[in-house]
Amino acid sequence: MKHTTAEILIVGAGPVGLALALALHHGGRSVRLIDARAAGAGEHDARVLALSHGSRQTLERFGAWPESGWTPIEHIHVSQRGAFGRTTLAAQEYGIPALGYVMPAAVLYRALMAQAERAGIAIDHDTRVDTLDAGENGIAAQLNGRQIEARLAACCEGGIGASAAAVRSRDYGQHALIARAAIARPHGHTAYERFTPEGPLALLPHGADYSVVWTATPERAAQLLALAETEFRDALQTAFGQRVRFTGISERASFPLGLKVRRHPIGQRTVWLGNAAQTLHPVAGQGFNLALRDVWELAELLTAPETSDPGGGALLARYAHKRLLDRAGTIGFTDGLVRLFSNADPVLQHLRGAGLFALDMLPPLRHFLAKRMLFGARAWP
């Protein structure tokens, strides 16, 4: 068996793995990436990401913020259908150019990959990790007849098995309908989060159009996908209301929604990040932003001058402790939004309205929530 070595092995060369590789490389650490997909697979990633202002700052630190291909979110309007209560957020309240940015995942992938190539970071494509065998002094990855030995393995991509004993999971009984909607009037860089009894409906400014994330039951999602374009547009118009008028629909897709969280994001000489650590509901757009905050915190610890062993148990425990508040808070907030707002209970409807009204009338409370979404726990208090 052929043996090679690496200081830090990163499993997964998607956006999270590439971001970690760049952060570590800039800090002087030696890394090697392993990806099961073919080279350039990220070019075909159809996802649309909602990146917070804090995530832009993180990506800019290692030169991976794309020059174009993104749309700023300057205002956010939050409301619930058929009931009182709404609140708004504006970037100017916080002295920043935008609250967030909407970007195709493929655009971010290209920017990250370009920086990785400039840095000379080695990436093994079409390579699947069969096993990871951790020991006291290192970890060995078995890869189709060869072995890579490293001090630390960072697993950055791939799903989480719901049956794993160390995983907390919840099936929301919902599917996300994804579409691109042309509109009659300019969106003014305003995003909408509209809560309905079936689940949240989000509009994210994407170029001159809106990216739609529409939550529905699996049965309703299948029915909507089967509709002709004009019928789907009319159904979306009815669900959202008249604040925005839709003129065309394209790029429809659907996928199931659930919560999967690895209870402990570290193991012996192993750390899990991104979708390998947690999969969240898209209601608040926090999944990838949380992953980038995990990346930055881990990289800061691994590149500190006093760090001699990047896979040491004490160091990984310190990372898990430092990420505990932000990770638990973000996961709990996202899960709570889904459970609180995805029902037609009249009592909860009034309570939801009162909560939105309170956010609108009490700027300190609204700013507290906004800063947590923009920057995570680093904005505390």
Side-chain angles (χ1 to χ4, degrees), residues 11-12 14-17 36-37 45-52 80 105 155-179 193-204 211-226 239 251-267 271-294 323-324 326-345 348 352 372-373 376:
V11 181
V16 176
R37 304 171 302 170
D45 190 336
R47 292 177 299 161
V48 175
L49 303 174
L51 302 174
S52 69
Q80 58 175 343
C155 301
C156 294
E157 306 290 344
I160 307 171
S163 60
V167 172
R168 175 167 63 94
S169 63
R170 174 176 290 114
D171 182 356
Y172 290 122
Q174 298 175 335
H175 278 214
L177 281 159
I178 307 299
E193 188 78 64
R194 184 88 158 138
F195 292 104
T196 77
E198 296 78 30
L201 197 169
L203 301 183
L204 305 174
S211 280
V212 179
V213 184
W214 185 4
T215 305
T217 64
E219 298 76 18
R220 176 62 172 157
Q223 293 170 359
L224 290 167
L225 279 178
E251 303 175 15
R252 282 185 282 171
S254 174
F255 59 89
L257 297 175
L259 172 71
K260 292 182 182 179
V261 177
R262 196 179 293 274
R263 298 179 189 275
H264 304 289
I266 61 169
V271 59
W272 291 273
L273 304 99
N275 285 340
Q278 62 265 327
T279 302
L280 309 184
H281 194 289
V283 59
Q286 287 299 298
F288 185 70
N289 296 300
L290 176 61
L292 275 184
R293 297 197 295 270
D294 289 343
R323 294 303 300 145
L324 182 62
D326 188 19
R327 188 168 182 257
T330 301
I331 293 168
F333 173 69
T334 300
D335 183 48
L337 276 181
V338 178
R339 300 169 72 183
L340 177 62
F341 282 91
S342 296
N343 62 74
D345 186 312
L348 286 179
R352 294 191 295 256
R372 301 295 83 68
M373 295 179 68

Shortest non-hydrogen separation from [X] to [Y] and the atoms involved:
X: Gln286; Y: Leu280; answer: C-CD1, 4.5 Å
X: Ala50; Y: Asn289; answer: O-ND2, 3.0 Å
X: Trp272; Y: Ile266; answer: CZ3-C, 3.4 Å
X: Gly17; Y: Glu157; answer: N-OE2, 3.5 Å
X: Arg327; Y: Pro265; answer: NH1-CD, 3.8 Å
X: Arg47; Y: Asp45; answer: NH2-OD2, 2.7 Å

Report the distance from atom [atom1] of [X] to atom [atom2] of [Y], rounding to the nearest 0.5 Å.
X: Thr330; Y: Arg293; atom1: OG1; atom2: CZ; value: 4.5 Å
X: Arg220; Y: Leu225; atom1: CZ; atom2: CG; value: 11.0 Å
X: Leu292; Y: Leu51; atom1: CG; atom2: CG; value: 7.0 Å
X: Arg262; Y: Asn275; atom1: CZ; atom2: CG; value: 11.5 Å
X: Lys260; Y: Asp171; atom1: NZ; atom2: CG; value: 9.0 Å
X: Ser169; Y: Leu259; atom1: OG; atom2: CG; value: 7.5 Å

Applying the side chain to side chain contact (heavy atoms under 4.5 Å, CB included) criterion to Ser254, which one of Ile178, Leu177, Leu224 satisfies it?
Leu177
Exam field: side chain Thr215 to backbone Pro200, donor-acceptor pair closer than 3.5 Å
yes
Within the side chain of Arg168, is there an N or O that forms a donor-acceptor pair under 3.5 Å with the backbone of Arg263?
no
With side-chain contact (heavy atoms from CB on, under 4.5 Å) as the test, would you mind laying out the steps for Val212 and Leu203 before giving the verdict?
CA-CA 5 Å; Val212 179; Leu203 301 183; 3.8 Å; yes
For a side-chain contact (heavy atoms from CB on, under 4.5 Å) check, start with the C-alpha distance between Gln223 and Thr217, then their side-chain angles and the critical distance, and finish with the verdict.
CA-CA 10 Å; Gln223 293 170 359; Thr217 64; over 6 Å; no
